[in-house]
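Nothing here was measured: the structure is a model prediction, and the numbers come from that model.
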Amino acid sequence: MLGRLVDGKIEITELHRFSNDPVQVGNRLHWDILRLYHEIKQGLLITKNKGIEVASIGIDSWAVDFGFIGPNGELIGNPYHYRDRHTEDMMEKLFAELPAGEIFARTGIQFLQFNTIFQLYALKQANSPWLQEGNRLLMIPDLLRYFLTGQMHNEFSNATTTQLFNPVEGNWDRELLHKLGFPESWFGEVLQPGSPAGVLQESVCEELGIPSIPVYAVAEHDTGSAVAAVPALDRSFAYLSCGTWSLMGTEVQEPVINDMAQKLNFTNEGGVEGTYRLLKNIMGLWILQESRRVWEKAGKSYSFPELVKLAEAAKPFGAFIDPDHPMFLAPGDMPARIAQYCQETGQQAPESDGEIVRCILESLALKYRFVLEMTERLSNQQFNGLHMVGGGINNTLLCQWSANAIGKPVWAGPSEGSAIGNMAVQWIAQGVFSDIWEARRVIRDSFPVIEYRPEAQEQWSQAYDRFVKLTGISE
């Protein structure tokens, strides 16, 4: 994505889009990290061939996954995908050695089986050679940035997601690392978003025929960048970054680490300008994406707008799922798993494809209400609406149903939140914007925000009561 400031407004241009396909090798699921790096270089070539002068570069990606750099400076192995099954049962095994309460008190991070701490513990249990040979651990954007610059740094927002960073101390938790047997030398200096992180190294410049370009550490967890792009005018706001994952929460100046936060399984992830994102992960549109993939294999190729039309035509509130049930985490036959979930919870399973899509989207919207109410309770705030950003806002039905479910307005936009927030941090670093709030004002003036007003309140309120009862979710 290319960002320009024109007459005080941000203009973005998509230069190069490519798929990011996990690769199954035997029983392991990997990221194709070298393919991703190759495509980044193709994007730089496109800017060169269009005659575009690039002022700076920033990279953001998903969290928790990583690669190890060996003593010769080369990557050891292909990084595992967080949906790989090697972390199954690792939470319970680690808690037998180190209480969950101590880990949360030190890190303030939500317990998810794929967190970096559990991935490293799984590698240790498997006697992985990575741990013997690895000198430095780099998160995915750290790793791609290293390929470009030759410099190894860890960035704040992604470092916090490892569940090995102590937000009170503002650094890696050395005592936690020691208790787990993870060498401190794996973990390097932590850069704040907006810090210079090197320039394109000579070999990259020679290969591509481009000048050396400054590279910044941005909010490199893509949700951190998306939250930076929330066009909020009120400093007390709730957000939902909506895509493969849905991440809902609010921005706080200090991490909220207490018994209630642990009980509700909330997380405190790093943000821009020293803030924290008090939020909860929700499975998101992954379940719909996987269902679509299953249907495609069966010869039914639906576009996402077609799926929305099917859902609109289906009967409302036929069945509900908890999107965060463990059975929906791994890749697989989601329609079959939805049927299984409904059978196990005493519901009639949705039969048509449209009924399945409606079940997924209604369940997501209702889960959003549940998490928003928990966010208000935990942060001692009352929000007058919900800001939705990310690609999921292109699903207008989900936006409207979310407003219906929470009984408050939903403000949707911008859709390319992560890219825009990434750019905003670079402009702050360059002195173009004074701070994130000036950047947010410019973002609000630059991109349309669509307001969805709540409808059919009584029906949705009744559906919520059924949803909570049938799924068994509770605080």
Side-chain angles (χ1 to χ4, degrees), residues 14 17-24 29-32 35-36 61-62 81-85 114 222 226 240-247 281-343 347-368 388-402 405 412 415-418 471:
E14 182 180 301
R17 184 174 291 269
F18 49 93
S19 63
N20 178 14
D21 303 308
V23 180
Q24 187 86 31
L29 190 64
H30 296 272
W31 294 109
D32 194 349
R35 163 78 189 283
L36 298 183
S61 86
W62 63 97
H81 191 295
Y82 61 83
R83 294 189 194 272
D84 184 85
R85 294 182 180 275
F114 48 70
D222 49 14
L240 173 65
S241 179
C242 184
T244 301
W245 284 90
S246 290
L247 298 103
N281 287 267
I282 306 166
M283 196 72 76
L285 290 169
W286 159 254
I287 302 172
L288 179 59
Q289 293 162 356
E290 276 293 277
S291 297
R292 180 172 176 251
R293 186 181 63 80
V294 169
W295 291 325
E296 282 180 347
K297 285 176 67 177
K300 294 184 287 186
S301 184
Y302 296 121
S303 68
F304 282 109
E306 287 172 336
L307 290 174
V308 167
K309 286 184 179 179
L310 289 174
E312 281 183 300
K315 180 183 176 182
F317 310 131
F320 302 119
I321 60 169
D322 177 3
D324 295 316
H325 192 281
M327 71 167 60
F328 300 120
L329 176 63
D333 189 340
M334 292 301 172
R337 293 180 190 174
I338 290 170
Q340 178 187 345
Y341 181 93
C342 290
Q343 182 180 14
Q347 304 179 78
Q348 183 173 341
E351 296 178 357
S352 71
D353 297 346
E355 288 172 347
I356 292 170
V357 177
R358 184 151 194 146
C359 170
I360 294 168
L361 297 182
E362 286 180 342
S363 298
L364 276 175
L366 293 166
K367 189 66 181 277
Y368 295 159
M388 286 180 66
V389 297
I393 69 169
N394 295 316
N395 187 328
T396 57
L397 192 63
L398 179 59
C399 294
Q400 182 61 59
W401 286 354
S402 297
S415 62
E416 292 289 355
S418 295
T471 60

> Hey, mind stepping through Arg293 and Glu290 against salt bridge (Lys or Arg N to Asp or Glu O under 4.0 Å) and telling me if it holds?
Replying inline: CA-CA 5 Å; Arg293 186 181 63 80; Glu290 276 293 277; 2.9 Å; yes
>> Working to the nearest 0.5 angstrom, can you tell me the gap between Phe114 CZ and Arg83 CZ?
In response: 7.0 Å
>> Using side-chain heavy atoms (C-beta onward) and a distance below 4.5 Å, is Val294 in contact with Met334?
In response: no
> Can you tell me how far the CG atom of Asn395 sits from the OG atom of Ser402, to the nearest 0.5 Å?
Replying inline: 8.5 Å
> Taking atom CD of Gln348 as the centre, does the number of heavy atoms from other residues, nucleotides or ligands within less than 6.0 Å exceed 12?
Replying inline: no
> Cation-pi between Arg292 and Phe304: NZ/CZ under 6.0 Å from ring centre and within 45° of the ring axis?
Replying inline: yes
> Tell me, do Ile321 and Cys359 make a side-chain contact under 4.5 Å, heavy atoms counted?
Replying inline: yes
> How are the rings of Phe328 and Tyr341 set relative to one another: parallel (under 30°), tilted (30 to 60°) or perpendicular (over 60°)?
Replying inline: tilted
> How far apart are the C-alpha atoms of Val357 and Tyr302, what are their side-chain angles, what is the distance that settles it, and do they pass the side-chain contact (heavy atoms from CB on, under 4.5 Å) test?
Replying inline: CA-CA 12 Å; Val357 177; Tyr302 296 121; over 6 Å; no
> Could you state the interatomic distance from CG (Asn20) to OG1 (Thr244), rounded to the nearest 0.5 Å?
Replying inline: 9.5 Å
> Tyr82 and Trp286: aromatic ring centres closer than 6.0 Å?
Replying inline: no
> What closest approach, in Å, do Arg85 and Ala330 show between heavy atoms, and which atom pair accounts for it?
Replying inline: NH2-CB, 3.6 Å
> Taking the side chain from Ser418 and the backbone from Asp222, do they hold a donor-acceptor pair closer than 3.5 Å?
Replying inline: yes
> After noting the C-alpha distance and the side-chain angles of Ser303 and Lys309, does the key distance pass the side-chain contact (heavy atoms from CB on, under 4.5 Å) rule?
Replying inline: CA-CA 10 Å; Ser303 68; Lys309 286 184 179 179; over 6 Å; no
> Is it the case that more than 12 heavy atoms not belonging to Lys315 sit under 6.0 Å from its NZ atom?
Replying inline: no
> Which atoms form the tightest heavy-atom contact between Lys300 and Asp353, and what is the distance?
Replying inline: NZ-OD2, 2.9 Å
> Does Ser246 reach the main-chain N or O of Cys242 with its side chain, forming a donor-acceptor pair under 3.5 Å?
Replying inline: no
> So, for Thr471 and Phe320, which heavy atoms are closest and what is the spacing to 0.1 Å?
Replying inline: CG2-CB, 4.5 Å
>> Testing the basics here: between Leu29 and Asp84, what is the closest heavy-atom pair and its distance to 0.1 Å?
In response: N-OD1, 2.6 Å
> Nearest 0.5 Å, what's the CG-CE distance between Leu288 and Met283?
Replying inline: 13.5 Å
>> Please give me the minimum heavy-atom distance between Pro331 and Arg337, naming the atom from each residue.
In response: O-NH2, 2.9 Å
> Of Leu247, Leu364, Asp322, which is the lone residue that meets side chain to side chain contact (heavy atoms under 4.5 Å, CB included) with Ile282?
Replying inline: Leu364
> Closest approach of Asn394 and Ser415, non-hydrogen atoms and distance?
Replying inline: OD1-CB, 4.1 Å
> In this structure, are over 12 heavy atoms from other groups packed under 6.0 Å from Gln24 atom CD?
Replying inline: yes
> Atom CD1 of Ile287 and atom CD1 of Ile338: how far apart are they, to the nearest 0.5 Å?
Replying inline: 6.5 Å
> Would you call Arg358 and Glu355 a salt bridge, using N to O less than 4.0 angstrom?
Replying inline: no
> In Å and rounded to the nearest 0.5 Å, what is the CD to CD1 distance from Glu416 to Ile393?
Replying inline: 9.5 Å
>> I'd like to check Leu361 versus Leu285 (side-chain heavy atoms, cut-off strictly below 4.5 Å). Are they in contact?
In response: yes
